[in-house]
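Take a look at the structure below.
Here is the naming used below: chain letters follow the sequence lines, and residue numbers restart at 1 for every chain.
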Protein chains: 2
Amino acid sequence: MLLSKSCIYGMRGALYLASSSNSKYISIKQISNDLDISPHFLTKIMQELTKAGLLESQKGPKGGVRLKKDGNEVALVEIVAAIDGMDLLTECALGLPGCGTAKPCPLHEQWADTRDEIRVMLEETTLTDLARKGKEGNLRITADGTFDWLPKDN
Amino acid sequence: MLLSKSCIYGMRGALYLASSSNSKYISIKQISNDLDISPHFLTKIMQELTKAGLLESQKGPKGGVRLKKDGNEVALVEIVAAIDGMDLLTECALGLPGCGTAKPCPLHEQWADTRDEIRVMLEETTLTDLARKGKEGNLRITADGTFDWLPKDN
DNA sequence: TATATTTGAGACAAGATAGTCTTAAATATG
DNA sequence: CATATTTAAGACTATCTTGTCTCAAATATA
């Protein structure tokens, strides 16, 4: 598996926020409801993103979470780094510690190239990119496709 | 993590076999010893590769395992498929079932391209490729670098 | 101020992966 | 044939990931 489930949920949650107007806080309960993710689990994941400085939160009624930066300034790699860490983009494919150009494993060259492709993709894709593409094509971000991209500015 | 630990061990075990003369069976005990992998665990993994038809085995003294095909006919993707399955190369990056060109998620396009890069790398790299590169550069396939590429034709 | 709402923190349970151990079956060799 | 060696099969434990639940802290609002 490329990304952990926590990381995938974090991405979908962040994408949800990026697709909404960012002027108001949105409760995690509503997000978990719309994305069909366990509320408690999503809460824990959104807390990680808040701790990492990607979101800001407010407690109490009318509270919730929202993006700290504009969505076009948030690359996917930041979410991956916050939840899964950078291991995927730094570690050896054969699991050998300290593998690199100086002390490579036999697979290092090929994997380093492939790994860079993944890294560039994650660095160059922003939440706004995905939100725009999703809105234009009315693409789903839930398993059953019930999510709709209408502005959630309640 | 891209590949499971079982898969990584399987790759290293298969690479070990490809770097040896394939005329004789080699005991998993020796392999696990040279590669510094738990013998019991490696046995289980090599059994999976045998069941998948990548290795053949023989019990008893002078028994062990060896590649069923020549190393240049075994692409890495076959080992990945046998141990981790093809999920990495078929599944949606956002975890949505049935994601594809017909019913994509917002990340589908970027991920499909990246996923193809991984697939091509695994399909085009053979055990012999890695063994040759390892022998030429005397590269390590153990954490501490104690593995040596001298023919193991005992 | 009292109440309802919402995040924060962390204990806890369930499930998957990683790793160990025991026993059985096959087989080479003396 | 007896024995030692080696894979095969599967039970078992440990650790990590995933998911649930409870309670505390903050806060908007009546």
Side-chain angles (χ1 to χ4, degrees), chain A residues 1-13 17 24-68 80 82-85 87-88 95 143 154, chain B residues 1-14 17 24-68 80 82-85 87-88 91 95 143 154:
Chain A
M1 189 186 346
L2 189 80
L3 303 172
S4 72
K5 256 183 163 180
S6 298
C7 189
I8 289 174
Y9 290 164
M11 274 195 186
R12 288 172 57 203
L17 292 175
K24 298 208 179 79
Y25 289 104
I26 299 180
S27 80
I28 298 172
K29 192 177 176 185
Q30 180 188 332
I31 302 173
S32 70
N33 204 52
D34 288 349
L35 295 186
D36 201 29
I37 300 172
S38 150
H40 283 116
F41 196 31
L42 186 61
T43 298
K44 205 154 61 168
I45 293 162
M46 296 308 246
Q47 276 176 27
E48 288 186 67
L49 295 181
T50 303
K51 276 188 203 161
L54 294 174
L55 307 182
E56 48 193 2
S57 66
Q58 193 181 30
K59 293 177 183 176
K62 303 268 176 183
V65 291
R66 67 182 179 198
L67 291 178
K68 202 160 187 176
V80 173
I83 298 180
D84 279 355
D87 283 2
L88 173 68
N154 44 308
Chain B
M1 191 186 345
L2 190 79
L3 303 172
S4 71
K5 258 185 161 178
S6 298
C7 189
I8 289 174
Y9 290 164
M11 273 196 186
R12 287 171 58 203
L17 292 174
K24 297 207 180 79
Y25 289 104
I26 300 180
S27 81
I28 298 172
K29 192 177 176 185
Q30 180 188 331
I31 302 172
S32 71
N33 205 52
D34 288 350
L35 295 185
D36 201 30
I37 300 173
S38 150
H40 283 116
F41 195 29
L42 186 61
T43 298
K44 204 154 61 169
I45 293 161
M46 295 308 246
Q47 275 176 29
E48 289 186 66
L49 294 182
T50 303
K51 276 187 204 160
L54 293 173
L55 307 182
E56 48 192 3
S57 65
Q58 194 180 30
K59 294 177 182 176
K62 303 269 177 181
V65 290
R66 68 182 178 197
L67 292 178
K68 202 161 187 176
V80 173
I83 298 180
D84 279 355
D87 282 3
L88 172 68
E91 280 197 345
N154 43 310

Does any part of the side chain of K68(B), heavy atoms only, come nearer than 4.5 Å to the side chain of L55(B), both counted from C-beta? no
With side chains defined as the heavy atoms from C-beta onward, is the minimum distance between I45(B) and I37(B) less than 4.5 Å? no
Side chain to side chain contact (heavy atoms under 4.5 Å, CB included) for L67(B) and L54(B)? Distances and angles first, verdict last. CA-CA 6 Å; L67(B) 292 178; L54(B) 293 173; 6.0 Å; no
All N/O contacts under 3.5 Å from nucleotides 4-8 of chain D to the protein, with atom names and distances to one decimal?
from   : atom 1 : to     : atom 2 : distance (Å)
dT5(D) : O2     : P61(B) : N      : 3.4
dT6(D) : O4'    : G60(B) : O      : 3.1
dT6(D) : O2     : G60(B) : N      : 3.2
dT7(D) : OP1    : I28(B) : N      : 2.7
dT7(D) : O3'    : S57(B) : OG     : 3.2
dA8(D) : OP1    : S57(B) : OG     : 2.8
dA8(D) : N7     : Q47(B) : NE2    : 3.4

For Y9(A) and dT17(D), give me the distance from atom OH to atom P, rounded to whole Å. 16 Å
Who passes salt bridge (Lys or Arg N to Asp or Glu O under 4.0 Å) against E48(B), sequence neighbours left out? none
Looking at every heavy atom in both A82(B) and L49(B), which two are closest together, and how far apart are they? CB-CD2, 4.0 Å
Whole-Å distance, L3(A) CG to dT17(D) C1', equals 14 Å
Bounded by its outermost nucleotides with an atom under 4.0 Å from a heavy atom of chain B, the footprint on DNA chain C reads dA18(C) to dT29(C)
Tell me, which pairs form a ring-ring contact (aromatic ring centres under 6.0 Å, His included) where one or both residues lie in residues 32-68 of chain B, sequence neighbours left out? Y9(B)-F41(B)
Please list all pairs meeting salt bridge (Lys or Arg N to Asp or Glu O under 4.0 Å) that have one or both residues in residues 49-62 of chain A, counting only residues at least two apart or in different chains. E56(A)-R66(A)
Integer-rounded Å distance: dT18(D) P and I83(A) CD1: 10 Å
Mapping M1(A) and K44(A) onto DNA chain C by nearest heavy atom, which one lands closer to the 5' end? K44(A)
Whole angstroms only, please: what is the CD1-C1' distance between I45(A) and dT17(D)? 11 Å
Suppose we screen for side-chain contact (heavy atoms from CB on, under 4.5 Å). Which residues come up paired with S4(B), at least two apart in sequence or across chains? S6(B), C7(B), I83(B), D84(B)
Check the distance between dT15(D)'s C1' and F41(B)'s CZ and give it to me in whole angstrom. 12 Å
Please give, in whole Å, the distance from dC12(D) P to H40(B) NE2? 16 Å
Taking every non-hydrogen atom, the tightest pair across I28(A) and P39(A): CG2-O, 4.3 Å
Any side-chain heavy atom of L42(B) within less than 4.5 Å of one from K29(B)? no
Report the distance from atom CD of E48(A) to atom C1' of dG19(D), rounded to the nearest whole Å. 13 Å
Tell me the closest heavy-atom pair linking V65(A) and S57(A), and the distance in Å. CG1-CB, 3.9 Å
Fill in the dot-bracket string of DNA chain C, one character per base: . for unpaired, | for a pair to another strand, ( ) or [ ] for pairs within the strand, taking Watson-Crick or G-U pairs under 3.5 Å. ||||||||||||||||||||||||||||||
